[in-house]
Amino acid sequence: MTDRLSEVFAALADPTRRAILARLTEGEASVNELAAPFPVSLQAISKHLKVLERAGLIVRGRDAQWRPCRLDPEPLREVATWMEQYRRFWDERYATLDTYLRDLQAPEKETDR
């Protein structure tokens with residue numbers, strides 16, 4: 001059993017899939033349009049799209065014979081929420097480092113006088 005966050009991270013681990021998501025921020029696109037910038041087969045792009053769809057990052061519609069893909073950003077919000085706790089951790093670490101560096105420089109300023 002794989003949780004959704006793991007599926008999203010697995011989907012985001014590939015640069016081609018991240019590029020596809022970036023393209024979809026501009027609007028819906030067909031598989032052919034999504035495949036155009038990549039030197040890979042349509043079949044390879046379809047496999048990437050299935051991974052993105054399984055992770056909930058894209059939705060495929062149906063318009064006659066055209067199946068446009070569009071971005072579903074909700075799973076990215078879950079990733080951002082998960083990562084927020086680590087941003088706070090690093091902010092605290094940087095604040096501590098900043099204080100330490102200021103303390104190191106303080107005696108130097110006093111000896112410069």
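Everything quoted here is computed from the prediction, not taken from an experiment. What's counted below: heavy atoms across the whole structure, side chains too, no hydrogens, waters or symmetry copies.
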### Task
Apply the side chain to side chain contact (heavy atoms under 4.5 Å, CB included) test between I58 and each candidate in L34, D72, L24; give the one that qualifies.
L24
### Query
Checking R70 side chain against R60 main chain: does a donor-acceptor pair fall under 3.5 Å?
no
#### Entry: Nearest-0.5 Å distance that lies between atom CH2 in W90 and atom CG in L97
10.5 Å
### Task
Go through the steps to decide whether R77 and E74 satisfy the test salt bridge (charged side-chain N to carboxylate O under 4.0 Å, His left out), and finish with yes or no.
CA-CA 5 Å; R77 182 189 322 265; E74 188 57 33; 3.2 Å; yes
### Task
Examine distances only and state if a side-chain atom of Q85 and a backbone atom of W82 form a donor-acceptor pair shorter than 3.5 Å.
yes
### Query
Can you hop from Y94 to Y100 via hydrophobic side chains spaced under 4.5 Å?
no
#### Entry: Considering all heavy atoms, the nearest S30-W66 contact
CB-NE1, 2.8 Å
### Query
Once you round to the nearest 0.5 Å, how far does OG1 of T81 lie from CG of L76?
10.5 Å
### Query
If two hydrophobic side chains count as joined below 4.5 Å and joins carry through other members, does V8 share a cluster with V59?
no
### Task
Please step through salt bridge (charged side-chain N to carboxylate O under 4.0 Å, His left out) for the pair R87 and E84, ending with a clear verdict.
CA-CA 5 Å; R87 188 189 63 78; E84 177 63 21; 2.6 Å; yes
### Query
Is the side chain of R17 donor-acceptor paired with the backbone N or O of A11 at a distance under 3.5 Å, no angle test?
yes
### Message
Quick check on the hydrophobic clustering: are M83 and L21 connected, directly or via other members, by side-chain heavy-atom contacts under 4.5 Å?
### Response
yes
### Message
Once rounded to the nearest 0.5 Å, what's the spacing between atom OG1 of T96 and atom CG of D91?
### Response
10.5 Å
### Query
In Å and rounded to the nearest 0.5 Å, what is the CD to CZ distance from E78 to F9?
10.5 Å
### Task
Quick one: pull up CD in E33 and SG in C69 and give me the separation to the nearest 0.5 Å.
9.5 Å
### Message
I'd like to check T16 versus I45 (side-chain heavy atoms, cut-off strictly below 4.5 Å). Are they in contact?
### Response
yes
### I20 and its side chain to side chain contact (heavy atoms under 4.5 Å, CB included) partner, picked from L49, V31, D14
L49
### Query
For the atom pair CZ (R102) and CG (L104), what is the distance rounded to the nearest 0.5 Å?
11.5 Å
### salt bridge (charged side-chain N to carboxylate O under 4.0 Å, His left out) assessment of E92 paired with R88
CA-CA 6 Å; E92 290 172 13; R88 279 185 257 133; over 6 Å; no
### Query
With a 4.5 Å limit on heavy-atom distance, are the side chains of L57 and V51 in contact?
no
